[in-house]
Amino acid sequence: GENVEQHPSTLSVQEGDSAVIKCTYSDSASNYFPWYKQELGKRPQLIIDIRSNVGEKKDQRIAVTLNKTAKHFSLHITETQPEDSAVYFCAASTGRDDKIIFGKGTRLHILP
Amino acid sequence: NAGVMQNPRHLVRRRGQEARLRCSPMKGHSHVYWYRQLPEEGLKFMVYLQKENIIDESGMPKERFSAEFPKEGPSILRIQQVVRGDSAAYFCASSPKLPGNTEAFFGQGTRLTVV
């Protein structure tokens, strides 16, 4: 089955700097890659996703890239702000009739 | 659209009791996932269901755990004879699973404490 690895487990960046979180997946049939943000004590919330027919997607300060050949995808957050502090999860799915498998998460700290 | 609703939000059970966790998916969503999250850990897949059908239960412990998603009513995750190690947050997510739309949205979770 699918296995998703996520790095780093913890990341501290200065406010205003960029943060990058990287994930790899094992199942070449995976074609849907969502990213979720979870604040302390709250539900995971979908922040951006990418499908395998595109290599990059951007939404304001957040961007995701996908390299299907290498089976890895990344989340980029630019101009980080205090409210970006949270745990971020990457995930992979083969799409219509398959489960969504999550990485172990990255705890992002934005330093003042 | 009220979003994915889980209840109860907090549940305390003594060892050996049964825990029933409920999840009502978003309107129009036909598929439900259940995940378990231990403190400071990730989201571990448990089971994936559509109405009246378990699609994948490969993440569910073989004993004491069961899940259903009946034709009418919420999805239920049932844990029999709970033990301390079952203490965790249990999240459900729902998805429409339409062609080109596989987004999954999470409920607020049920925090189970076994005493």
- Task: Considering non-hydrogen atoms only, spot the tightest contact between H29(B) and P96(B) and give its length.
- Result: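 Closest approach of H29(B) to P96(B): NE2-CD, 3.5 Å.
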- Sub-3.5 Å donor-acceptor pair from the side chain of Q6(B) to the main-chain atoms of G109(B), do we have one?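 Between the backbone of G109(B) and the side chain of Q6(B) there is a qualifying donor-acceptor contact (under 3.5 Å).
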- Judged by atom type as modelled, is there a donor-acceptor pair below 3.5 Å linking the side chain of R64(B) to the main-chain atoms of Q81(B)?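 Such a contact is found between R64(B) side chain and Q81(B) backbone.
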- Measure up the F45(B) and Y35(B) rings against each other and bin them: parallel (under 30°), tilted (30 to 60°), perpendicular (over 60°).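 The arrangement is perpendicular - the two ring planes meet at more than 60°.
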- Query: Which atoms of E41(B) come close to chain A, meaning under 4.5 Å heavy atom to heavy atom: side chain ones, backbone ones, both, or neither?
  - Reply: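 The backbone, not the side chain.
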- Item | Contact class of Q37(B) relative to chain A, heavy atoms under 4.5 angstrom |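 Looking at Q37(B), just its side chain touches chain A.
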- Task: Select one option (side chain, backbone, both, neither) describing which atoms of L46(A) are under 4.5 Å from chain B's heavy atoms.
- Result: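 It is the side chain, since no backbone atom gets that close.
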- Item | Part of Q38(A) lying under 4.5 Å from any heavy atom of chain B |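 Contact with chain B is through the side chain of Q38(A) alone.
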- Message: Only pairs of heavy atoms separated by less than 4.5 Å count here; which of S9(A), G41(A), P34(A) has the most with chain B?
- Response: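 Option with the greatest count: G41(A).
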- Quick one: are the ring centres of Y25(A) and H72(A) less than 6.0 Å apart?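 That pair fails the under 6.0 Å test.
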